[in-house]
Amino acid sequence: MATVYQKPHALTGKPFHYCPGCTHGIIHRLVAEVLDELGIEGTTVGVASVGCTYNSYEYFNCDMVQAAHGRAPAVATGIRRSLPDRQVFTYQGDGDLAAIGTAEIVHAATRGEKITTIFVNNAIYGMTSGQMAPTTLVGQVTTTTPFGRKPELHGYPVRVCEMISTLEGAVYVERVAVNNVANVRKAKAAIKRAFKVQMAGLGFSIVEVLSICPTNWGMNPQKSLEWLEQNMMEHYPLGNFKGKDLEV
Amino acid sequence: MGERLLMKGNEVIAEAALRAGCRHYFGYPITPQTEVAHYMAKKMEQLGGTFVQAESEVAAINMVYGAASCGVRAMTSSSSPGISLKQEGISYSAGAELPMVIIDIVRCGPGLGGILPAQCDYFQMVKGGGHGDYSLPVLAPCSVQEMYELVVEAFNIADRYRNPVVIMGDGYLGQMMEAVTFRDEEPIYKADKSEWATTGSELKRDHHTVTSIYIEADVLEAHNNKLQRKYAEIKKNETRVEEFNCEGADVIVTAYGTVARIVKNVIKDAEKEGIKVGLIRPITLWPFPSESFEKYAGKCNDFLCVEMSAGQMIEDVKLAVNGRSAVHFYGRTGGNVPSQPEILEQIRRIMAEK
């Protein structure tokens with residue numbers, strides 16, 4: 001019998017601890033498939049961040065370094081500068097990257113660090129139980145915006161790809177989603193391209209992945225996907241912001 | 001004997017690190033240590049090493065964390081307020097057992113304080129500063145020559161124990177120029193990091209992980225116990241101290257760094273007045289050379305701790321002396337330095353009260 005589907009080698013096989021319906025599992029798999037297909041698991045060092053994916057080092061089979069909250073791009077800088085012939089990626093959520101780690105991501109990008117950032121945006125802090133993130137939408141109810149995010153009190157949601165794409169050092173910037181099969185395939189293609197950009201030594205690459213958090217959104221996975229499509233995609237339009245014509 | 005040069009302390013720090021094989025430096029400008037970065041920026045480019053001027057001290061220490069994870073000799077340098085910012089990364093590095101060298105050229109605080117020399121970082125470097133149960137060897141040179149030797153040694157200690165090591169010098173040591181004699185060849189401890197460094201598995205081994213998180217209580221406790229065993233080993237092997245003139249001394253002064261040099265002159269002044277003054281100069285602030293104090297406690301009735309702070313090291317002195325002798329204190333802050341006459345006056349006062 002032909003094998004048509006199996007665990008990527010770049011995943012350890014340890015069962016994910018993520019909540020039912022969480023899309024981290026899909027995104028982990030996409031990254032692992034890309035490492036497999038590019039044949040770079042053995043030459044890649046990943047950086048885990050703080051949040052729901054703090055222990056992604058238990059799931060990825062490549063060498064992994066666990067970083068302090070928000071600091072993954074700085075840690076990745078140190079790794080990449082020490083191992084110029086390796087690939088380095090960070091896997092960060094929106095609290096980690098867009099709040100406490102804003103300085104680190106902006107400066108890694110503007111320095112043109114040859115690293116790839118997988119940025120998972122679910123518009124909320126997951127691990128600490130559903131607080132407002134910088135990416136939380138206006139009106140969205142969280143445990144720290146119990147009456148909805150109000151611009152006059154809480155400001156506006158940050159569009160990371162739009163911001164990063166203004167920086168010369170960032171050469172590949174794309175926003176994708178994992179809400180349906182077609183988009184999952186596009187997400188994988190973007191992640192693959194981001195790694196190729198890094199391997200070509202062109203500069204910083206980032207793929208923002210719109211994701212869901214059924215537990216903290218207080219919806220079932222199906223409703224969560226609908227909410228993502230109807231709300232998140234409006235504020236965070238999918239597409240390429242930079243580098244779609246790069247030859248890699 | 002190797003090359004003998006007249007150099008600034010901060011430049012010697014950088015030169016020593018390069019001679020120790022450090023090719024990865026990450027820093028952020030802050031007075032009075034910035035010459036370390038100037039020197040590194042120039043030399044690293046010439047040597048094909050890495051110099052990154054980070055966006056903050058927070059980022060710089062995390063870059064060192066990343067570089068150290070890959071097994072290379074990496075360093076950062078800063079001064080007091082910058083070190084405060086690095087404390088998060090230092091705690092993580094201690095937890096993840098990453099060898100690295102952190103330079104603190106101390107200025108006065110608290111807050112933005114001032115840019116003049118001080119020793120008021122004793123608490124934040126020696127007692128932790130960051131969160132958690134961890135210890136860092138803290139080496140305190142008192143001359144530019146010793147700065148050179150201890151920076152090289154700091155890299156060796158870091159690699160030998162898989163632990164961050166601190167060089168703590170007051171601003172004078174960073175800024176002053178002195179003659180320094182370099183060795184032709186440095187004594188480099190070669191550590192095998194292949195068992196843990198994250199260099200890419202090449203699919204030839206299990207993947208490596210560098211982490212400081214252990215979510216289960218018993219696992220974390222076991223990790224902490226392992227760290228404590230390591231610290232006990234460091235205490236046993238790496239305590240360094242200079243004892244001078246202590247046998248039969250009327251007063252034993254204790255001081256480190258620049259202050260210790262001033263005390264050596266005071267000893268000569270006191271001798272002319274018929275007072276025998278000894279000096280215990282801790283070279284490692286952690287591990288603290290308690291045995292030197294225990295040896296003379298009860299025999300010499302008066303210890304005088306002199307610091308460029310409001311009194312920080314004195315806590316360790318008191319613990320070591322353990323009530324068997326009186327422990328007096330004299331300190332200056334704000335960038336002022338205890339002068340030779342001031343210290344002598346303190347000694348006279350102690351003698352008068354005997």
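Everything numeric here is computed off the predicted structure, so don't read it as measured data. Proteins come first, then strands; the chains are lettered A, B, ... in the order of their sequence lines, and each starts at number 1.
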Flag yes if more than 12 heavy atoms outside [X] fall under 6.0 Å of its [atom1] atom; otherwise flag no.
{"X": "F241(A)", "atom1": "CZ", "result": "yes"}
{"X": "K7(A)", "atom1": "NZ", "result": "yes"}
{"X": "E162(A)", "atom1": "CD", "result": "yes"}
{"X": "E216(B)", "atom1": "CD", "result": "no"}
{"X": "I115(B)", "atom1": "CD1", "result": "no"}
{"X": "K127(B)", "atom1": "NZ", "result": "yes"}
{"X": "H9(A)", "atom1": "NE2", "result": "no"}
{"X": "F123(B)", "atom1": "CZ", "result": "yes"}

Under 4.5 Å from a heavy atom of chain A, the part of [X] involved:
{"X": "R205(B)", "value": "side chain"}
{"X": "T209(B)", "value": "both"}
{"X": "A68(B)", "value": "neither"}
{"X": "F51(B)", "value": "backbone"}

(request) For each of V45(A), T43(A), N61(A), tally heavy-atom pairs with chain B at distances under 4.5 Å, and name the one with the top tally. (result)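 Max contact count across the listed options: N61(A).
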(request) Count the heavy-atom pairs under 4.5 Å between each of V106(A), T77(A), L83(A) and chain B, then report the option with the highest count. (result)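 If we count pairs closer than 4.5 Å to chain B, L83(A) comes out on top.
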(message) Keeping D63(A) on the side-chain end and H208(B) on the backbone end, is there a donor-acceptor pair under 3.5 Å?
(response)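 Looks like yes, one N/O pair under 3.5 Å.
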Closest-packed option against chain A by number of heavy-atom pairs under 4.5 Å, given [options]:
{"options": "T211(B), V58(B), N62(B)", "result": "N62(B)"}
{"options": "D206(B), T199(B), I61(B), T50(B)", "result": "T199(B)"}
{"options": "V64(B), V72(B), L203(B)", "result": "L203(B)"}

With a 4.5 angstrom heavy-atom cut-off, which part of [X] approaches chain B: side chain, backbone, both or neither?
{"X": "T12(A)", "answer": "side chain"}
{"X": "R111(A)", "answer": "side chain"}
{"X": "V65(A)", "answer": "both"}

Measure the [atom1]-[atom2] distance between [X] and [Y] for me, rounded to the nearest 0.5 Å.
{"X": "M63(B)", "Y": "E104(A)", "atom1": "CE", "atom2": "CD", "answer": "8.0 Å"}
{"X": "E55(B)", "Y": "T102(A)", "atom1": "CD", "atom2": "OG1", "answer": "11.0 Å"}
{"X": "I215(B)", "Y": "Y54(A)", "atom1": "CD1", "atom2": "OH", "answer": "4.0 Å"}
{"X": "Y65(B)", "Y": "R71(A)", "atom1": "OH", "atom2": "CZ", "answer": "12.5 Å"}
{"X": "R86(A)", "Y": "E202(B)", "atom1": "CZ", "atom2": "CD", "answer": "4.0 Å"}

(message) Less than 4.5 Å apart, side chain to side chain, heavy atoms only: is that true for T198(B) and M64(A)?
(response)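 The answer is no, as the side chains (C-beta and beyond) never meet within the 4.5 Å cut-off.
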(message) Any non-hydrogen side-chain atom of Y57(A) less than 4.5 Å from a side-chain atom of V210(B)?
(response)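 Sidechains of V210(B) and Y57(A): no contact.
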List the atom of [X], the atom of [Y], and the distance in Å for their closest heavy-atom pair.
{"X": "G66(B)", "Y": "I79(A)", "answer": "O-CG1, 3.4 Å"}
{"X": "E41(A)", "Y": "S201(B)", "answer": "O-OG, 4.4 Å"}
{"X": "F60(A)", "Y": "H207(B)", "answer": "O-NE2, 3.5 Å"}

